[in-house]
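Working notes for the structure below.
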Amino acid sequence: MNKPILLVEDNPDDIELTLRAFRKSNIANEVLVARDGEEALEMILGEKRVMPTVVLLDLKLPKIDGLEVLRRIRENEETKLLPVVILTSSREENDLINGYRGGANSYIRKPVDFERFIEAVKTLGVYWLILNEPPPRR
Amino acid sequence: MKRILVVDDREENRYLLRVLLEGHGYEVAEAENGSTAIVEALSVNPDMVVSDILMPVIDGFTLCRIWKADERLKKAPFIFYTATYTDPRDEQLALDMGADAFIIKPAEPEVFLQRIESLLTDDRERLLAAPREPNAGDETILKHYNETLIRKLEHKMLELERVNRELEEEIQAKETAEATLVESEELFRNVFHQHAAVKLIIDPDTGRIIDANEAAVNYYGWPAEKLLSMNIKDINIQPASEIQAAMDMVRTQERIKYEFAHRKADGSIRNVEVFSSRIRVKGKDILHSIVHDITDRKHAEEALREKEQLFRLITENMSDTVWLMNMNFKYIYVSPSMVKNRGYSMEELNEIPMEGIMTPESYKMVISLIREEMTPDRLAQKNLAISRTIELENYRKDGSTFWSEVTMTLLRDQEGAPSGFLGVGRNVTERKIAEEKLTQLHAGLEAMVAERTAKLERANKELESFSYSVSHDLRAPLRAIDGYSRMLIEDYSPRLDDAGRDYLERMHTAVSRMDMLIEDILKLYRLGTAEMRFEPVDLGAMARAVMDDIAARDPGRTAEVVIADNLAAVGDPALLRVILENLLSNAWKFTSKKSDARIEFGAADKPGAREFFVRDNGAGFDMKYADKLFGPFQRLHGIDEFEGTGIGLALVRRIVNRHGGTVRAEGVAGKGAVIYFSLGGNA
């Protein structure tokens with residue numbers, strides 16, 4: 001059974017586009033969607049927590065922003081090795097620096113062009129779900 | 001009235017008795033010895049005779065003998081009144097001779113008068129009836145008389161011997177005194193001749209030099225014989241009348257001091273001080289003059305006076321103040337400028353305690369300065385210079401205040417002991433006021449700068465969040481538009497006709513253009529805020545690299561590219577590259593329709609700064625739109641003619657401005673354009 005992917009994204013259009021991109025890439029993993037930072041943390045660290053293969057994290061989120069979510073994931077002994085990919089519209093230098101400094105494994109800017117967006121998500125899926133060896137579980 | 005004959009050889013004795021007797025109602029007749037007494041008595045017929053004993057011609061005893069032997073006279077009482085014959089045997093002799101009374105001088109006037117009165121009244125009748133007769137024989141009386149005389153003679157001899165002895169002693173003393181005089185004269189001569197001081201003896205009547213000592217001979221330079229033949233008027237250069245007047249003055253004043261100018265043998269004129277005293281020699285006044293050469297002292301005095309004058313001139317004419325204080329902090333000198341400024345005289349200043357002539361804050365400063373600087377240890381260091389400059393706020397007499405910058409210096413005497421203080425002050429009120437104003441101004445400016453900075457920071461923050469929104473939030477809907485339009489094509493293509501598909505294609509183009517615009521806005525914003533670093537840049541080499549990139553992206557085209565050598569500049573390399581990328585890609589773009597495209601990058605030295613330019617022979621532009629060229633998103637060509645957002649020249653202008661330079665454009669529509677830029681003083 002493939003482990004799920006956690007998509008943390010508040011924009012429904014982006015959710016729709018991302019899910020379509022995964023479908024078009026023949027990625028069969030379940031995609032869990034959290035619509036704000038609080039919900040994301042609940043899903044990862046809460047009582048009924050699930051351990052995703054990879055977290056696709058937007059930075060600008062309601063309630064708790066992406067960088068804070070990242071910090072809490074890295075803080076927790078259980079999740080501190082969990083691969084986190086920042087997937088955002090921003091290409092601000094500060095966001096890049098703070099993302100990597102916070103322990104992000106990767107930083108991908110969402111292209112406006114739909115075809116390039118599909119391409120990016122597809123590549124991302126191939127890399128993190130197929131090529132990458134996840135950290136061993138305890 | 002009773003008449004009394006007074007017989008005495010001394011006039012003053014007679015006079016005394018006359019006054020006494022006349023004062024008590026008697027008539028007085030006088031005689032100066034026994035002989036005249038008898039003549040007088042026979043003429044005036046006196047009621048009584050008072051006689052001295054020792055008298056010339058006929059003495060008292062003899063007179064008494066004659067008186068008592070004469071019938072006409074013997075009835076008048078005969079009284080001896082004597083100071084010389086005081087022996088009881090004298091009295092006995094007198095009474096033996098028939099005298100009525102023997103009174104010893106000096107007798108109390110009342111006693112004397114009483115005796116006379118009683119002799120004249122009570123005993124009168126008795127005496128008239130039986131006048132006193134000599135109660136011894138003539139032989140006895142004469143014998144006693146002789147004895148008395150011998151006794152008196154012996155007495156007189158002894159007296160004479162005593163007087164003689166005294167006289168001899170006196171003579172002895174006089175002789176000794178004369179010998180001393182001779183000695184002192186010799187001493188004087190020695191003192192005069194051998195004295196180191198120049199001395200002259202001058203005849204005040206003529207001015208002739210009577211004597212001159214060795215020192216004088218040496219001093220004046222004439223041989224002694226020559227000097228002694230000269231007159232003081234040959235030496236003293238004052239007019240003769242003045243010299244004479246001076247010499248005359250000594251005669252009345254005993255001792256006097258003059259200042260003269262004396263001429264010496266070598267012709268030089270010296271200032272001298274002359275002490276002249278009068279001495280009397282052989283009944284004649286002569287001058288003893290001591291001469292001091294004071295030429296050097298005069299010169300020194302002159303120099304000192306000149307210095308003093310200079311000092312006075314300076315202190316009295318400067319606006320700075322100068323004062324001197326003794327170690328008790330009392331002023332001993334204050335310059336006129338200080339008196340004028342303060343309104344207080346020195347005496348008034350000394351009456352006010354120090355805390356009364358300055359503000360309490362300034363007084364505190366002075367006290368702490370004294371405590372710091374004037375420790376016993378420091379004062380004791382003889383060579384330690386102690387001087388400090390402080391600013392004090394002082395009171396004037398009228399109550400107003402002023403600021404002065406005072407340099408106080410400890411004065412030491414020749415042994416290095418502290419002797420007082422020198423103060424030099426300058427009124428710095430205006431400077432103080434200016435400083436205060438400046439401080440206030442600074443504070444104001446700082447506050448203003450802080451406020452502006454805060455405002456700018458706020459604006460920057462806002463701009464940052466704005467640009468973040470632009471970059472993040474504006475893109476999401478664009479992505480949705482593009483995504484859904486693609487999905488329409490992918491999922492519903494069979495149901496769309498060509499027009500429908502064309503619309504969706506145009507939506508896609510519009511979205512990507514919007515994406516570019518957003519990116520350009522962000523670029524413009526980042527350029528305005530990015531930090532700059534200045535370093536030397538070879539613009540020629542950079543231009544060649546940029547041009548190579550541009551040509552590589554468009555392999556189908558050719559153009560003649562001319563890039564000058566030596567295009568050195570100073571600036572931020574990344575930003576300068578943005579300039580070149582924009583200008584060169586513009587040139588490349590606008591010459592795309594020319595078969596003989598030519599692009600040139602060069603520089604021309606202009607006054608002030610070097611001006612770089614990029615010239616092309618492309619589409620050019622109409623000069624009337626030149627001012628629009630550098631505005632953001634301003635385009636002079638249709639989007640279908642030449643692609644682009646119109647941000648390029650706006651970026652160029654912003655970068656150039658940030659380097660302190662200027663940018664301008666020249667162009668002719670259809671013929672080409674030139675963009676000039678400079679990089680300010682740093683280029």
Side-chain angles (χ1 to χ4, degrees), chain A residues 7-26 31 33 35-37 56-62 65-70 86-99 104 107-122 124, chain B residues 457 460-493 501 503-532 574-575 578 645:
Chain A
L7 174 64
V8 189
E9 173 65 69
D10 65 321
N11 187 325
D13 293 330
D14 278 354
I15 295 170
E16 181 64 34
L17 292 178
T18 309
L19 293 177
R20 183 179 178 99
F22 278 132
R23 275 200 303 278
K24 285 187 77 165
S25 318
N26 299 316
V31 179
V33 178
R35 287 164 200 277
D36 58 52
L56 304 180
L57 182 65
D58 193 6
L59 288 180
K60 209 178 167 210
L61 292 167
D65 76 8
L67 288 176
E68 179 62 17
V69 172
L70 176 61
I86 291 172
L87 186 65
T88 177
S89 301
S90 166
R91 215 171 60 182
E92 290 296 305
E93 201 173 272
N94 274 346
D95 287 342
L96 276 159
I97 290 169
N98 290 332
Y107 189 109
I108 291 163
R109 190 174 78 100
K110 294 181 214 165
V112 168
D113 185 285
F114 179 70
E115 261 133 49
R116 281 164 58 205
F117 181 76
I118 298 287
E119 191 59 34
V121 173
K122 197 189 275 183
L124 187 155
Chain B
E457 275 170 2
N460 258 352
K461 274 265 156 57
E462 279 167 15
L463 212 63
E464 235 167 70
S465 68
F466 165 75
S467 76
Y468 192 82
S469 295
V470 167
S471 114
H472 198 276
D473 298 344
L474 291 190
R475 275 198 174 116
L478 276 184
R479 195 161 45 248
I481 294 166
D482 197 49
Y484 292 124
S485 66
R486 294 326 280 182
M487 286 183 220
L488 270 176
I489 292 172
E490 282 174 9
D491 297 353
Y492 301 96
S493 196
R501 279 189 293 276
Y503 294 156
L504 289 172
E505 203 54 50
R506 283 170 187 261
M507 276 174 68
H508 173 67
T509 308
V511 164
S512 62
R513 183 164 174 76
M514 182 74 186
D515 191 29
M516 275 165 63
L517 284 171
I518 290 169
E519 192 57 38
D520 285 348
I521 287 174
L522 292 174
K523 264 189 208 162
L524 201 59
Y525 157 72
R526 285 190 203 108
L527 280 180
T529 56
E531 268 187 39
M532 308 224 313
L575 295 180
V578 172
T645 57

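By the side chain to side chain contact (heavy atoms under 4.5 Å, CB included) test, Leu488(B) is found to be paired with Tyr492(B), Leu504(B), residues two or more places apart in sequence or in another chain being considered. Judged as a salt bridge (charged side-chain N to carboxylate O under 4.0 Å, His left out), and not counting sequence neighbours, the contacts of Arg20(A) are Glu490(B), Asp491(B).
Atoms OG1 and CZ, on Thr88(A) and Arg475(B) in that order, are 10.0 Å from each other to the nearest 0.5 Å. Remark: Asp113(A) CG to Arg486(B) CZ distance equals 7.5 Å, nearest 0.5 Å. Expressed to the nearest 0.5 Å, how far CG of Asn11(A) lies from CZ of Arg479(B) amounts to 7.5 Å.
Other residues, nucleotides and ligands contribute at most 12 non-hydrogen atoms within 6.0 Å of the CZ atom of Arg506(B).
Residue Leu478(B) comes nearest to Val112(A) through the heavy atom pair CB-CG1, 3.7 Å, listed as atom of the first residue, atom of the second, then distance.
For Met514(B), no part sits under 4.5 Å from any heavy atom of chain A, backbone or side chain.
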CA sep, side-chain torsions, deciding dist, call: His508(B), Phe114(A), side-chain contact (heavy atoms from CB on, under 4.5 Å): CA-CA 9 Å; His508(B) 173 67; Phe114(A) 179 70; over 6 Å; no
Stepwise side-chain contact (heavy atoms from CB on, under 4.5 Å) check, Leu17(A) with Met487(B): CA-CA 9 Å; Leu17(A) 292 178; Met487(B) 286 183 220; 3.0 Å; yes
